Amino acid sequence: MKRLNRPFFHRPTLTVARDLLGCTLVRILEGQRLAGTIVEVEAYIGEADQACHASRGRTPRNSVMYGTPGMLYVYFTYGMHHCANIVTEREDFPAAVLIRAIHPTDGISQMIRFRGRDSLPELTSGPAKLCQALAIDRALNGEDLTTSSRIWLEPGSSIPEERVATGPRIGVEGAREAALYPWRFWVSGDPCLSRPRRIKST
DNA sequence: CTCTCGATGCGCT
DNA sequence: GCGCATCGAGAGA
């Protein structure tokens with residue numbers, strides 16, 4: 001199967017974020033394929049972005065963001081949740097795209113088991129939910145999505161411009177004016193979007 | 001439906 | 001110690 005390669009990720013983060021909509025996130029677990037279409041993402045760009053984990057410089061935790069584009073950056077937060085990001089731009093420039101929601105397509109019964117919920121939108125409609133549904137944790141931090149046999153991205157149907165909505169990122173209020181940047185992208189009307197979808201696209 | 005709040009581990013100041 | 005790029009239960013309307 002075709003997968004997204006290095007040049008795709010080695011581009012401006014906002015471009016990568018928008019183009020990731022409609023692509024398929026694939027996770028192989030014990031020989032089984034778990035997958036879904038990306039429907040919501042957020043961009044985090046550089047040390048100047050007050051909402052970015054790298055805003056206070058390089059640390060052991062965020063070092064993957066400074067690495068090769070196409071790597072997976074997984075972090076642990078709130079004492080119980082994981083979030084998955086895709087590293088973008090050139091090496092040594094910290095930037096990534098947070099996967100906030102996917103629309104399940106393959107391995108749904110396994111996702112139901114991992115999540116302990118059985119309604120389709122509840123499986124993957126949030127950054128920590130989809131990590132639980134796909135069994136993504138820190139063991140995958142730094143994984144190369146262009147070569148890994150455990151997790152990767154495949155091109156999907158391209159989403160036309162009129163179905164792409166943008167707005168401020170979620171949960172970053174402490175980030176001063178960066179909290180207002182319209183760096184969240186989603187597929188308008190998809191049933192698997194994350195919770196706060198009150199922001200209208202129009 | 002909306003809002004509030006507790007859970008829970010750890011990276012970093 | 002503090003503060004999380006969150007989630008889900010529970011209460012109230």
Side-chain angles (χ1 to χ4, degrees), chain A residues 9 13-14 16-18 20-21 25 36 38-67 69 71-89 93-104 111-143 145 165-187 189 191-200:
Chain A
F9 304 106
T13 305
L14 294 178
V16 176
R18 187 255 175 266
L20 278 171
L21 295 178
L25 176 62
I38 296 174
V39 295
E40 181 180 342
V41 298
E42 284 175 358
Y44 290 86
I45 311 174
E47 296 180 348
D49 175 4
Q50 290 293 311
C52 183
H53 282 174
S55 64
R56 276 173 289 207
R58 190 172 193 146
T59 69
R61 180 208 207 192
N62 66 27
S63 65
V64 170
M65 290 187 86
Y66 290 77
M71 291 201 306
L72 191 69
Y73 168 46
V74 181
Y75 68 88
F76 181 70
T77 189
Y78 291 106
M80 61 190 86
H81 296 304
H82 297 274
C83 292
N85 305 254
I86 295 156
V87 175
T88 58
E89 313 219 17
F93 182 86
V97 175
L98 171 69
I99 309 300
R100 286 198 57 89
I102 66 175
H103 190 124
M111 294 187 200
I112 289 172
R113 220 164 291 136
F114 286 146
R115 286 279 296 130
R117 304 256 182 289
D118 59 4
S119 85
L120 190 75
E122 278 306 305
L123 296 179
T124 55
S125 56
K129 293 180 189 178
L130 71 91
C131 283
Q132 188 180 23
L134 300 187
I136 295 170
D137 61 21
R138 280 168 293 182
L140 291 174
N141 189 37
E143 194 84 350
L145 296 167
T166 65
R169 294 170 292 181
I170 292 173
V172 296
E173 305 159 7
R176 303 157 157 270
E177 75 274 11
L180 301 176
Y181 300 162
W183 288 358
R184 176 178 176 230
F185 300 78
W186 68 95
V187 178
C192 296
L193 298 172
S194 71
R195 279 232 158 264
R197 68 185 95 150
R198 290 193 258 169
I199 303 157
K200 303 296 183 192

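Values in this document were obtained by computation on a predicted structure and should not be read as measured data. For the numbers below, each heavy atom of this structure counts, side chains included, while hydrogens, waters and symmetry mates do not.
- Applying the salt bridge (charged side-chain N to carboxylate O under 4.0 Å, His left out) rule to A:E89 yields no partners; only residues at least two apart in sequence or on another chain are considered.
- Residues A:E122 and A:V172 each lie close to DNA chain C; by heavy-atom proximity, the contact nearer the 5' end of the strand is made by A:V172.
- Both the sub-6.0 Å distance and the 45° axial angle are satisfied by A:R138 relative to the ring of A:F76.
- Using modelled atom types, no side-chain atom of A:R100 and backbone atom of A:E42 make a donor-acceptor pair closer than 3.5 Å.
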Would you tabulate the nitrogen or oxygen pairs shorter than 3.5 Å linking the protein to nucleotides 9-13 of chain B?
{"unit_1": "B:dG9", "atom_1": "O4'", "unit_2": "A:G79", "atom_2": "O", "d": "3.3"}
{"unit_1": "B:dG9", "atom_1": "N3", "unit_2": "A:G79", "atom_2": "N", "d": "3.4"}
{"unit_1": "B:dC12", "atom_1": "OP1", "unit_2": "A:T59", "atom_2": "OG1", "d": "2.0"}
{"unit_1": "B:dC12", "atom_1": "OP1", "unit_2": "A:R61", "atom_2": "N", "d": "3.4"}

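- When atom types are taken as modelled, the side chain of A:R169 and the backbone of A:A178 share a donor-acceptor pair closer than 3.5 angstrom.
- Between A:Y75 and A:Y73, the two ring planes are tilted [angle within 30° to 60°].
- Bounding nucleotides for the chain A contact on DNA chain C, 5' to 3', at a heavy-atom distance below 4.0 Å, are C:dC4 to C:dA9.
- Counting any heavy atom pair closer than 4.0 Å across all strands shown, A:Q50 reaches no nucleic acid atom.
- The closest donor-acceptor contact from the side chain of A:T13 to the backbone of A:A43 lies at 3.5 Å or more, if one exists at all.
- Heavy atoms of A:A51 sit under 4.0 angstrom from at least one base atom.
- Considering all non-hydrogen atoms of both residues, A:A84 and A:I136 come closest at CB-CG2, 4.3 Å.
- With A:H53 as reference, A:N62 is the one residue of A:N62, A:T59, A:N85 to meet the side chain to side chain contact (heavy atoms under 4.5 Å, CB included) rule.
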Quiz item: For DNA chain B, what string of dots and brackets results from 5' to 3' when Watson-Crick and G-U pairs need both distances under 3.5 Å, crossing pairs get [ ], and pairs with another strand get |?
Solution: |||||||.||||.
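- In this structure, the side-chain contact (heavy atoms from CB on, under 4.5 Å) partners of A:C52, at least two apart in sequence or on a different chain, are A:Y44, A:D49, A:A54, A:M65.
- For A:Y66, the ring pair (Phe, Tyr, Trp, His ring centres under 6.0 Å) criterion is met by no residue, not counting sequence neighbours.
- Sequence order on DNA chain C of the closest nucleotides to A:K129 and A:A96 puts A:A96 first from the 5' end.
- A gap of 22 Å separates the P atoms of B:dC3 and C:dA5, to the nearest Å.
- The distance from the CD1 atom of A:I86 to the CG atom of A:L20 is 5.0 Å, given to the nearest 0.5 Å.
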